[in-house]
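Beneath this line is the structure, given in structure tokens, with notes to follow.
The sequence lines fix the lettering, A, B, ..., with proteins before strands; numbering per chain opens at 1.
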Amino acid sequence: MTAPFAERLLAWFDDHGRHDLPWQHPRTPYRVWVSEIMLQQTQVATVIPYFERFMARFPDIESLAAAEADDVLSLWSGLGYYARARNLHAAARRLAESGVPETVDGWADLPGVGPSTAAAIVAQAFDRRAVILDGNVKRVLARHAAIDTPQETAATQRRLWALADEHTPATRAADYTQAIMDLGATVCRRGKPRCVVCPVSEDCEARRQDRQGELPVRRQRKPKPVRRRVLLWLEDGEGRLLLEKRPATGIWGGLACPPIVERAEDADERIARLGLHREGEWHHLGFLRHVFSHFELDAEVLGVTVEHGGLAEGQGEWHRPERLADAPPVGLPAPVQRLIRERRRASLGDG
DNA sequence: AAGTCGGGGCT
DNA sequence: AGCCCAGACTT
């Protein structure tokens, strides 16, 4: 007779789990919460440097609540899914007033905190039993029970939540949630799962059927369309770059970005509307290509020097590229950060 | 139920 | 060149 799933998993975790992640020391509700938000759809290794910088700048809820939205976004630059940063900031302002909840429902009521994140926070921060179901857990459970229906369907989701609930023990909540995520990340990986060292392999149905490689099953994805755009690289006489704030919703919401037009023919009209005057001809500066989850951005970068006109309030701001390169005062999309560094190298090479 | 939202790591 | 990652939110 084999021991319960959780018992075997916890014994494995004590010897082989991850016990030294930054948000585990100290393991406060605030640090756990911020880490869980950053870790949504984002790998641990990517998050760690962002987490350290964020904690150095905003060590507690009060400092985050008191911050400006742009300061929060600038620390989020390059991490992606920028709605997370806006939601985190809004939630911090609410928590600074109401205090920190200790229940799953209390956390799930906050913007940016869904069912799995709320459960992870409660389990990690308060060591109270809560059922999580993230990508790692779904993969572990789908293989262990050999679930071969597409993960996205409602029926499969219900079944996975039920299995997650059944396996979750009454005690050691924080350790168990960390353990099953560690198992998914380091043993029951997407590619080449290490079943030989898996603590729950003896009753793993996928392994018994030798179908680890084909599970879990995902719904077929649609091909991604290409969005062609033109990005306007506008510098004034002193080499400063014009950035405008993008709308709060949509791609790169709330971040600063060079003006984007659909076609090169629209470029002159756009700078006229900004109240700027072109000095000389447009130059082709390169391309910006970036693959998003559901489309591909393919933009030609056109540059020109402009004279200041009556740049209206809120129409954009001039920034020194050297400041943007090291410590950007505003949130910048990763492709724009790369572009700035490239352009800076090019201009230094010229001069 | 499907679409939107980033960026990087891995195969 | 795709797939996936400590998902949530909107339509």
Quick one: what's the B/S/- string for nucleotides 4-11 of chain B, heavy-atom cutoff under 4.0 Å, read 5' to 3'? SBBBBS--

Say you pick atom C1' in C:dC9 and the same atom in B:dG8; how far apart are they, in whole Å? 23 Å

Does A:K222 have a side-chain nitrogen or oxygen under 4.0 Å from the phosphate oxygens OP1 or OP2 of B:dA2? no

Here the distance between atom C1' of C:dC9 and atom CG of A:D109, to the nearest Å, is 14 Å

Let me know the distance between CZ of A:R221 and P of C:dG2, rounded to the nearest Å. 11 Å

Within the 4.0 Å heavy-atom criterion, would you say A:W33 contacts the bases, only the backbone, or no part of the nucleic acid? nothing

Rounding to an integer number of angstrom, what distance separates B:dG9 and C:dA8 when you compare their C1' atoms? 23 Å

Whole angstrom value for the distance that separates C1' of C:dA6 from CG of A:L88: 15 Å

Counting any heavy atom closer than 4.0 Å, what does A:Q178 reach on the DNA or RNA strands: base, sugar-phosphate only, or nothing? base

Reckon A:V47 touches a base, only the sugar-phosphate, or nothing at all at heavy-atom distances under 4.0 Å? nothing

For B:dC5 and C:dC4, measure between their C1' atoms and round to the nearest Å. 15 Å

Distance check needed: C:dA6 C1' versus A:L39 CG, whole Å only. 5 Å

How many angstroms lie between CD in A:Q337 and CG in A:L324, if you round to the nearest 0.5 Å? 9.0 Å

Consider the side chain of A:R219, meaning its heavy atoms from C-beta on, and name the nucleotide among B:dA2, C:dA6, C:dA8 that approaches it most closely. B:dA2

Salt bridge or not between A:D266 and A:R270? Use side-chain N to carboxylate O under 4.0 Å. no

Grab the CD-P distance between A:Q151 and C:dC3 for me, whole Å please. 14 Å

Spacing of A:N136 atom CG relative to C:dG7 atom C1', expressed in whole Å: 12 Å

Could A:R211 and A:D148 be called an ion pair, given the rule that one side-chain N must be under 4.0 Å from one carboxylate O? yes

Under a 4.5 Å side-chain heavy-atom rule over Ile, Leu, Val, Met, Phe, Trp and Tyr, are A:F126 and A:I180 clustered together? no

Inter-nucleotide C1' distance (C:dA6, B:dG3), Å rounded: 23 Å

Taking the six-membered ring of A:Y50 as reference, does the NZ or CZ atom of A:R53 fall below 6.0 Å from its centre and within a 45° cone about the axis? yes

Pair A:H308-A:W318, ring pair (Phe, Tyr, Trp, His ring centres under 6.0 Å): steps then yes or no: CA-CA 10 Å; A:H308 290 168; A:W318 298 98; 4.8 Å; yes

Distance, rounded to the nearest Å, where A:L141 contributes CG and C:dA6 contributes P: 14 Å

Can you label the angle between the A:W23 ring and the A:F51 ring as parallel, tilted or perpendicular, going by 30° and 60°? perpendicular

Would you mind telling me which residue lines up with the more 5' stretch of DNA chain C, A:K224 or A:L133, judged by nearest nucleotide? A:K224

Between P of C:dA6 and CG of A:L160, the distance in whole Å: 15 Å

Side-chain ion pair, A:R278 and A:D268, N-O less than 4.0 Å: yes

